[in-house]
Amino acid sequence: MNRITPILVLATIAGLPACTQTSLSKEQAQKETPLGIAWIDSAAEYDALTLQAYRSATRQLDELIADKDSTALPGQEDAAELPPAVILDVDETSLSNVDFQVYIEGNFSHEAFDHWQLNNAARRIEGAPEFIRAAREKGVTVFFITNRPCHERDFAPGPCPQEAITLKNLAEAGIETDAEHLMLVGEKPEWNREKRLRQELVATDHRVIMLIGDDLGDFLPCVRAKPIAPCPAATVEDRARMTRQYSEYWGVRWHILPNPMHGSWSSFISADSG
């Protein structure tokens with residue numbers, strides 16, 4: 001992919017007319033919005049949990065940087081001399097899309113999501129920008145791996161307008177990055193919704209010291225109810241077993257944020273995959 005293209009696309013997007021954001025009143029949200037969405041939208045407890053997760057992650061940075069044998073990717077070897085990096089998910093980890101979830105009232109489509117993200121400002125997640133700033137100040141490179149998929153859109157230029165849209169959204173949430181540190185589904189043919197291949201690509205020239213996400217798939221491969229190459233379908237028991245198997249990673253190298261709205265977990269209770 002030509003990495004200069006997103007800059008040009010972003011400039012074009014900035015000149016497009018914005019639509020008016022529509023949102024439900026708090027009273028309507030209480031009556032009509034699923035509890036998981038309403039909780040993230042309005043509960044102080046949600047902000048407290050994200051602050052707690054990111055401050056815990058920040059406290060771990062110095063120790064993980066100093067421990068040259070430490071890696072957040074099981075199986076990464078011979079990485080002691082590589083520069084440290086952290087990998088974050090984007091949606092519900094680096095920025096919040098709860099306003100979109102309220103707006104669509106359960107009728108999700110990728111096209112509607114792209115249009116919303118293009119024309120509405122992203123909401124910050126408390127603690128995320130501060131953690132990223134602290135990591136960078138300590139010499140840690142920050143990568144973002146998202147399952148936003150590349151698709152052409154009539155309302156946005158380029159073969160993968162989602163890249164420029166995502167950079168815009170992150171900036172709106174107080175997080176600056178560039179295309180070199182952002183990896184979307186479909187940017188390369190082999191980049192599917194299983195994140196491990198993209199994580200391993202980062203690991204070719206960085207020691208990955210930390211993963212941060214809101215979904216089990218941000219940390220472990222093969223956790224979905226439907227098979228995605230190279231993974232077979234997982235079961236609820238598989239997910240529980242793997243979570244326990246890597247128990248020493250949680251809260252140290254792996255930090256997970258709450259997301260009761262959507263995710264790979266929801267593929268076990270509905271026809272939609274997370």
Does anything in [range] form a ring-ring contact (aromatic ring centres under 6.0 Å, His included)? List the pairs, not counting sequence neighbours.
| range | result |
| --- | --- |
| residues 215-247 | Phe219-Trp250, Phe219-Trp254, Tyr246-Tyr249, Tyr246-Trp254 |
| residues 54-84 | Tyr54-Phe131 |
| residues 77-97 | none |

Quickly, which of Asp89, Ile175, Val90 forms a side-chain contact (heavy atoms from CB on, under 4.5 Å) with Leu95? Name it, please.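 Only one option passes, and that is Val90.
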Hey, what do you get for [atom1] ([X]) to [atom2] ([Y]), rounding to the nearest 0.5 Å?
| X | Y | atom1 | atom2 | answer |
| --- | --- | --- | --- | --- |
| Leu201 | Ile145 | CG | CD1 | 8.0 Å |
| Glu77 | Arg207 | CD | CZ | 14.5 Å |
| Asp62 | Asp67 | CG | CG | 12.5 Å |
| Asn259 | Trp265 | CG | CH2 | 7.5 Å |
| Met210 | Leu64 | CE | CG | 5.0 Å |
| Met261 | Ile40 | CE | CD1 | 4.0 Å |

Are Ile125 and Trp39 linked, directly or through other ILVMFWY residues, by side chains that come within less than 4.5 angstrom of each other?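 Yes, Ile125 connects to Trp39 through the hydrophobic network.
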Should Trp191 and Leu220 be counted in the same cluster of Ile, Leu, Val, Met, Phe, Trp and Tyr side chains packed under 4.5 Å apart?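 They do share one cluster, since a chain of ILVMFWY contacts under 4.5 Å joins Trp191 to Leu220.
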Could you tell me if Asp238 and Thr235 have a donor-acceptor pair between their side chains, going purely by distance under 3.5 Å?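 Yes - a donor-acceptor pair under 3.5 Å links their side chains.
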Strictly by modelled atom types, are Asp41 and Gln101 linked by a side-chain donor-acceptor pair under 3.5 Å?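 No pair is found: no donor N or O on one side chain lies under 3.5 Å from an acceptor on the other.
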Quick one: which residue pairs count as a disulfide bond (SG atoms under 2.5 Å apart) with a foot in residues 168-252, not counting sequence neighbours?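 Listed once each, the pairs are Cys222-Cys231.
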Pair listing, disulfide bond (SG atoms under 2.5 Å apart) test, anchored in residues 69-118, at least two apart: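 Those involving residues 69-118 do not exist here.
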Short side-chain to backbone donor-acceptor contact, [X] and [Y], under 3.5 Å:
| X | Y | answer |
| --- | --- | --- |
| Ser56 | Ala53 | no |
| Asp47 | Ala44 | no |
| Gln162 | His151 | yes |

For the residue pair His181 and Phe143, categorise the inter-ring angle as parallel (less than 30°), tilted (30 to 60°) or perpendicular (more than 60°).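 Tilted: the ring planes of His181 and Phe143 meet at 30° to 60°.
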Locate the shortest heavy-atom distance separating [X] from [Y]; write the atom from each residue and the value.
| X | Y | result |
| --- | --- | --- |
| Pro129 | Ala173 | CG-O, 3.4 Å |
| Glu172 | Ala122 | OE1-N, 2.9 Å |
| Pro161 | Glu152 | CD-CA, 4.4 Å |

Could you please spell out the steps behind the side chain to side chain contact (heavy atoms under 4.5 Å, CB included) verdict for Leu257 and Glu92? CA-CA 8 Å; Leu257 280 73; Glu92 323 318 333; over 6 Å; no
Please check if the number of heavy atoms outside Glu81 that lie under 6.0 Å from its CD is greater than 12.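 No.
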Chi angles and distances behind the side chain to side chain contact (heavy atoms under 4.5 Å, CB included) call for Phe144, Thr166: CA-CA 10 Å; Phe144 300 88; Thr166 304; over 6 Å; no
Side-chain ion pair, Arg196 and Glu200, N-O less than 4.0 Å: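 Salt bridge absent between Arg196 and Glu200.
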Using a strict threshold of under 4.0 Å (side-chain N to carboxylate O), is an ion pair present between Arg124 and Glu126?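 Salt bridge flag = yes for Arg124 with Glu126.
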For Lys68, which residues count as a salt bridge (charged side-chain N to carboxylate O under 4.0 Å, His left out) partner, sequence neighbours excluded?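 Here no residue qualifies.
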